[in-house]
Participant: 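Got a structure for you, questions after.
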Amino acid sequence: MHILAIETSCDETAAAVVVDGCQVLSNVIASQADLHALTGGVVPEVASREHVRQLPWIYKKALTEANLDWEQIDAVAATETPGLIGSLLVGIQTARTLAEVHNKPYIAVNHIYGHIFSNWLERKPDQDIKFPLLSLTVSGGHTNLYLITSPREIKLLGSTKDDAAGEAFDKVAKLMDLPYPGGPEISKLAVNGDPMRFKLPVAQLDQPYDFSFSGLKTAVLYLLQDLKVQNDGTLPEKLKADLAASFEHTVAKTLAGVCRKAIAEFNPKQVHLAGGVAANSKLRKVLEEAVSTSGNIDLLWPAKMTYCTDNAAMIASAAYFN
Ligand code: KG4
Ligand code: ZN
């Protein structure tokens, strides 16, 4: 089954063609990151207008790169929720119109389920995906932990009570005067920093599988203010790197701690990491340690970096499996 999918929930205009939920024939993405860097974050109105400009050629390119015409497309899918409503509407209406005009079924997809199924892309489901599995989906808008017993049995175990993990990266980056999106910037700075230099708080919540990052963000804010006072109003590069590394380490430790508890209770065969923050190498390393000490469990993250951040191939995959 060939599915053409469209993704416009935030600041990436994307279209892709995927066969049977796994084989990616094309995956076209126009990022608006440079545009939103000018304002230090996504301006919804600007994002919607940019989707209107980009989507007509993006979906045609996805078809051309897949070397297919409309007769060979079996269904059209689009991200329907969650996301910025103006941005979503551009993708939904385009996909519905294409489905109507070409007489194909239309499939509405939940964006977070898209991130979950990014781990199916370029994999052989029978061999590579093993149930039950835990999926930790960490993006700019969401931090969710799921227990998945089959592609259609997905249970939410817990989620963030305030900021998402990616949002925390973006907000801390802003406090440190780093450009948007902040995750990759913090990650780059952290390479030369000492992750043990500053002890930052790990939230303890009543529900074992929930997350919270707003306290951590506030702790960074106060620490930054103190450090600036101690250094004549500026922040030396070494301290900046140490702060970035300590923050990144604390986020990774927080996420890994919750996963460890879920592994002990649900005994999964695999743990999947997905979403924009899954691109973070420190998080991958810390999770790898947590998973390896918990027994014979595989840790999977998307087969390509481009499948971590927003893309339409994952939307086509979720459409197929659901
Ligand atoms: O999944 P995604 O593209 O969009 C949402 O659905 O939100 O995730 C974007 C988020 C941003 O917050 C960005 O800062 C973060 O993912 N991100 C990273 C890295 N790359 C992207 N965070 C930490 N380390 C990275 N290497
Ligand atoms: Zn996303």
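Position 1 is the first residue of the sequence; numbering continues from there. None of these values were measured; they are calculated from a predicted model.
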Participant: Do Leu63 and Trp70 make a side-chain contact, defined as non-hydrogen atoms from C-beta onward lying under 4.5 Å apart?
Facilitator: yes
Participant: I'd like to know if the side chain of Asp170 reaches the main chain of Gly182, judged simply by a donor and an acceptor atom lying under 3.5 Å from each other, with no hydrogens or angles considered.
Facilitator: yes
Participant: I need the Ser159 OG to His142 NE2 distance, nearest 0.5 Å.
Facilitator: 9.5 Å
Participant: Would you say NZ of Lys282 has more than 12 non-hydrogen atoms from neighbouring residues, nucleotides or ligands within 6.0 angstrom?
Facilitator: yes
Participant: Atom CD1 of Ile3 and atom CG of Leu25: how far apart are they, to the nearest 0.5 Å?
Facilitator: 11.5 Å
Participant: Mind checking whether Val109 and Phe117 have side chains closer than 4.5 Å, heavy atoms only?
Facilitator: no
Participant: Can you tell me how far the CG atom of Leu299 sits from the SG atom of Cys259, to the nearest 0.5 Å?
Facilitator: 8.5 Å
Participant: Counting only heavy atoms not in Lys261, do more than 12 fall under 6.0 Å of its NZ?
Facilitator: yes
Participant: I would like to know whether Ser212 and Asp162 meet side chain to side chain donor-acceptor pair (under 3.5 Å); could you show each step before the answer?
Facilitator: CA-CA 6 Å; Ser212 163; Asp162 38 60; 2.7 Å; yes
Participant: May I have the step-by-step check of side-chain contact (heavy atoms from CB on, under 4.5 Å) for Met314 and His111, ending in yes or no?
Facilitator: CA-CA 9 Å; Met314 68 184 195; His111 181 81; 3.6 Å; yes
Participant: Within the structure provided, determine whether Ile58 and Val28 are in side-chain contact (heavy-atom separation under 4.5 Å).
Facilitator: yes
Participant: So, Asp128 and Arg123, do they make that salt bridge, N to O below 4.0 Å?
Facilitator: no
Participant: Is any side-chain heavy atom of Glu80 less than 4.5 Å from a side-chain heavy atom of Arg96?
Facilitator: yes
Participant: Going through the distances and angles, do Thr79 and Thr8 end up as a side-chain contact (heavy atoms from CB on, under 4.5 Å)?
Facilitator: CA-CA 7 Å; Thr79 302; Thr8 61; over 6 Å; no
Participant: Hey, could you give me each pair passing side-chain hydrogen bond (donor to acceptor under 3.5 Å, both in side chains) that has a residue in residues 311-322? Not counting sequence neighbours.
Facilitator: none
Participant: Determine whether Trp301 and Leu136 make a side-chain contact, defined as any pair of heavy atoms from C-beta on separated by less than 4.5 Å.
Facilitator: no
Participant: According to a 4.5 Å side-chain heavy-atom criterion applied to Ile, Leu, Val, Met, Phe, Trp and Tyr, with indirect links allowed, do Val24 and Leu68 form part of one hydrophobic cluster?
Facilitator: no
Participant: Might you confirm whether atom NZ of Lys238 has over 12 heavy atoms from other residues, nucleotides or ligands at distances under 6.0 Å?
Facilitator: yes
Participant: Just do the salt bridge (Lys or Arg N to Asp or Glu O under 4.0 Å) check on Arg49 and Glu45 with the steps written out, would you?
Facilitator: CA-CA 6 Å; Arg49 288 177 188 277; Glu45 173 81 12; 2.7 Å; yes
Participant: Report the distance from atom CD of Glu265 to atom CG of Asn267, rounding to the nearest 0.5 Å.
Facilitator: 11.0 Å
Participant: Quick one: do Tyr146 and Phe266 end up in the same hydrophobic cluster if we chain Ile, Leu, Val, Met, Phe, Trp and Tyr together by side-chain heavy atoms under 4.5 Å apart?
Facilitator: no
Participant: Do the side chains of Cys22 and Lys124 get nearer than 4.5 Å, heavy atoms only?
Facilitator: no
Participant: Taking everything shown except Asn296 itself, do over 12 heavy atoms lie less than 6.0 Å from its CG?
Facilitator: no
Participant: When rounded to the nearest 0.5 angstrom, what distance separates CD1 in Ile129 from OG in Ser150?
Facilitator: 12.5 Å
Participant: Taking the inter-plane angle between the rings of Phe131 and Trp120 on a 0 to 90° scale, is it parallel (under 30°), tilted (30 to 60°) or perpendicular (over 60°)?
Facilitator: tilted
Participant: Do Ile6 and Leu98 pass the side-chain contact (heavy atoms from CB on, under 4.5 Å) test, and can you show the C-alpha distance, the side-chain angles, and the key distance before you say yes or no?
Facilitator: CA-CA 11 Å; Ile6 288 173; Leu98 289 172; 4.3 Å; yes
Participant: Of the non-hydrogen atoms in Ala190 and Glu248, which two are nearest, and what is the gap between them?
Facilitator: CB-OE1, 3.3 Å
Participant: Kindly state whether the ring of Phe247 and the ring of Phe198 have centres lying under 6.0 angstrom apart.
Facilitator: no
Participant: Quick one: list whatever passes side-chain contact (heavy atoms from CB on, under 4.5 Å) with Glu185, sequence neighbours left out.
Facilitator: Leu178, Pro179, Lys188
Participant: Does Val19 belong to the same Ile/Leu/Val/Met/Phe/Trp/Tyr cluster as Ile73, with side-chain heavy atoms less than 4.5 Å apart forming each link?
Facilitator: yes
Participant: With a cut-off of 6.0 Å (strictly less than), are more than 12 heavy atoms of other residues, nucleotides or ligands near CD of Glu100?
Facilitator: no
Participant: Any sub-3.5 Å donor-acceptor pair from Asp74's side-chain atoms to His2's backbone N or O?
Facilitator: yes
Participant: Looking only at side chains, do Asp163 and Ser214 share a donor and an acceptor under 3.5 Å apart?
Facilitator: no
Participant: Looking at Glu50, His51, Gln54, Glu7, which one forms a side-chain hydrogen bond (donor to acceptor under 3.5 Å, both in side chains) with Thr13?
Facilitator: His51
Participant: Can you tell me how far CG of Leu223 sits from OG1 of Thr218, rounded to the nearest 0.5 angstrom?
Facilitator: 12.0 Å
Participant: With a 4.5 Å cut-off on side-chain heavy-atom distances among I, L, V, M, F, W and Y, is there a chain of contacts connecting Leu156 to Phe321?
Facilitator: yes
Participant: Honestly curious: do Leu89 and Leu84 fall in one hydrophobic cluster under the side-chain, below-4.5 Å linking rule?
Facilitator: no
Participant: Counting only heavy atoms not in Asn103, do more than 12 fall under 6.0 Å of its CG?
Facilitator: no
Participant: Run Tyr180 and Asp11 through side-chain contact (heavy atoms from CB on, under 4.5 Å) and show every step you take.
Facilitator: CA-CA 12 Å; Tyr180 173 86; Asp11 58 344; 3.2 Å; yes
Participant: I want to check something: taking the side chain as every heavy atom from C-beta on, are Val138 and Leu283 in contact at a cut-off of under 4.5 Å?
Facilitator: yes
Participant: Within the 4.5 Å heavy-atom criterion, are Asn192 and Glu237 side-chain neighbours or not?
Facilitator: no
